[in-house]
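Inspection log for the structure reproduced underneath, given as structure tokens.
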Amino acid sequence: MEVIQGTWHWAVSGFLIGLIMLVLTYFGKTFGMSSNLRNICSMTFAKRKIDYFDFDWKEQRWNLSVALGAVVGGFLASYFLMDSTDILQINPKTLENLKLLNIDAPNGKLGPDALFSLENAFTIKGFFVLLFGGFLIGFGTPYAGGCTSGHAISGLSNLQIPSLIAVIGFFLGGLISAHFLIPLIFGS
Amino acid sequence: MKLLKFFIVGIVFGIVLTKAEAVSWYRIYEMFMFQSFHMYGIIGTAVFVGVTGIYLIKKKDIQGFKGAEIDIQDKDFSYSRYIIGGTMFGLGWGLVGSCPGPIFILIGNGVLSICIVLLGALLGTYIYGILKNKLPH
């Protein structure tokens, strides 16, 4: 059981993610999770008001099913397949960086309390950092026409130059966040 | 019942990303600080498997499941939308450590405050929908 309960090796994980993309392709679909943000919007009043959301979201029920499955999978993995003493053995150097930024170490948690504890999430700063991060993800992915799954996995697998450009953008943004934005927000 | 197989794919996706720790803010931060190979290994392996699989599907003209039409589309070429949109997404990804898939998975993981990120993401997509025709693509 130890093999299952601990962190899965990158090669096993990557292999399975590649396989998931191929299975969806075999089912006649395209792997891309960010489309679900648009799908959810089109299930609301936005459908009648804005052209971009005026499509038949029912044809996207398959993708919403994947998202719903992902929620259930996350639950199953967290509650039945995880030994929280044995996860997230991250680089000691990273831990030192985090300490300087007053961000707590994993100790079995998936995300730091400095961002995700409910106590923090309901301070004005904490709430807006999460909302702003989400906003950038929600605005950026439809603009770029996909996210990690749609461009980095599906697109690159099909040798798409646009996806490569998008992935370069993802990294550019991520590097700016990790090296400048996070120290700015959390550093004292 | 046509949807059941997609639901199951989703469950596997949720389990794999949780166990790979790709849903973890720490792993994303570690990746962008270039302090670990883990995430690069995952994405690299997935793309390697994907390139091989897509190549074989195209070359052997493999038919879809129960007559489903395999639909591998080329993306339209442009610079602005991929660079601007991609960088915006990357800023969010690096900040809150989750891309759209993990946002859903983390709800199942019991990280409740991720709902604020989801709310922000829906708001972002909604505003994009309003501004779409005014933005350079």
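Because the structure is a prediction, the values reported are computed rather than measured. Just so it is clear, the values below take in all heavy atoms, side chains as well, and ignore hydrogens, waters and symmetry mates. Below, chains carry the letters A, B, ... as their sequence lines are ordered, and counting in each starts from 1.
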Which atoms of [X] are under 4.5 Å from chain B, going by heavy atoms: the side chain, the backbone, both sets, or neither?
X	result
A/Ser149	neither
A/Leu88	both
A/Leu76	side chain
A/Leu64	neither
A/Asp104	both
A/Glu119	neither
A/Phe127	both
A/Ile185	side chain
A/Met21	side chain
A/Ile87	both
A/Leu95	neither
A/Leu159	side chain

Among [options], residue most engaged with chain B (heavy-atom pairs, under 4.5 Å):
options	answer
A/Thr148, A/Ile153, A/Ile168	A/Thr148
A/Pro112, A/Ser163, A/Gly126	A/Pro112
A/Leu118, A/Ile103, A/Ile182, A/Asn63	A/Ile182
A/Phe15, A/Phe139, A/Phe31	A/Phe139
A/Ala105, A/Gly32, A/Ser117	A/Ala105
A/Leu181, A/Ile40, A/Ile176	A/Ile40

What option among [options] has the most heavy-atom pairs under 4.5 Å with chain A?
options	result
B/Gly94, B/Gly50, B/Gly86	B/Gly86
B/Ile62, B/Leu131, B/Ile84, B/Asp74	B/Asp74
B/Met33, B/Lys2, B/Glu69	B/Met33
B/Asp71, B/Ile116, B/Val96	B/Ile116
B/Leu4, B/Val47, B/Ile43, B/Ile28	B/Val47
B/Trp25, B/Phe104, B/Tyr128	B/Tyr128

Discussion item. Under a plain distance cut-off of 3.5 Å, with no hydrogens placed, do B/Lys75 and A/Asn158 share a side-chain donor-acceptor pair?
Written reply: no
Item to complete: For A/Gln60 and A/Asn36, test the side chains for any donor-to-acceptor distance below 3.5 angstrom and give the result as yes or no.
Response: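 On atom types as modelled, these side chains do not qualify, holding no pair under 3.5 Å.
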Worksheet item: With sequence neighbours excluded, what pairs up with A/Lys29 under the side-chain hydrogen bond (donor to acceptor under 3.5 Å, both in side chains) test?
Response: none
Practice prompt. Grab the two heavy atoms, one from A/Cys41 and one from B/Leu122, that are nearest each other, plus how far apart they are.
Written response: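 That would be SG-O, 3.6 Å.
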Worksheet item: In terms of the angle between their ring planes, are A/Trp62 and B/Phe6 parallel, tilted or perpendicular, with boundaries placed at 30° and 60°?
Response: tilted
Practice prompt. Sort B/Tyr55 into side chain, backbone, both or neither according to what part of it lies under 4.5 angstrom from a heavy atom of chain A.
Written response: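 Contact with chain A is absent: no heavy atom of B/Tyr55 under 4.5 Å.
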Discussion item. Can you tell me which portion of B/Met39 sits under 4.5 Å from chain A's heavy atoms? Options are side chain, backbone, both or neither.
Written reply: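 Interface part for B/Met39: neither.
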Worksheet item: After noting the C-alpha distance and the side-chain angles of A/Val66 and A/Met33, does the key distance pass the side-chain contact (heavy atoms from CB on, under 4.5 Å) rule?
Response: CA-CA 8 Å; A/Val66 177; A/Met33 294 303 290; 4.0 Å; yes
Discussion item. The test is ring-ring contact (aromatic ring centres under 6.0 Å, His included); show your working for B/Trp93 and B/Phe32 and say whether it passes.
Written reply: CA-CA 10 Å; B/Trp93 189 21; B/Phe32 286 130; 5.4 Å; yes
Worksheet item: Between A/Phe116 and A/Lys109, is there a cation-pi geometry (under 6.0 Å to ring centre, at most 45° from the normal)?
Response: no
Item to complete: Validate the cation-pi geometry between A/Arg38 and A/Tyr52: distance from NZ or CZ to the six-membered ring centre under 6.0 Å, angle to the ring axis within 45°.
Response: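 Yes, a cation-pi geometry.
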Worksheet item: So does A/Lys93 pair up with A/Glu96, basic N to acidic O under 4.0 Å?
Response: no
Worksheet item: Can we say B/Lys132 and A/Asp51 salt-bridge, meaning some charged N sits less than 4.0 Å from an Asp/Glu carboxylate O?
Response: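 Not counted as a salt bridge, because no side-chain N and carboxylate O are separated by less than 4.0 Å.
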Worksheet item: Less than 4.5 Å apart, any side-chain heavy atom of B/Ile105 and any of A/Val71?
Response: no
Fill in: Step-by-step side-chain contact (heavy atoms from CB on, under 4.5 Å) determination, A/Leu98 to B/Tyr29
CA-CA 10 Å; A/Leu98 291 175; B/Tyr29 179 73; 3.5 Å; yes
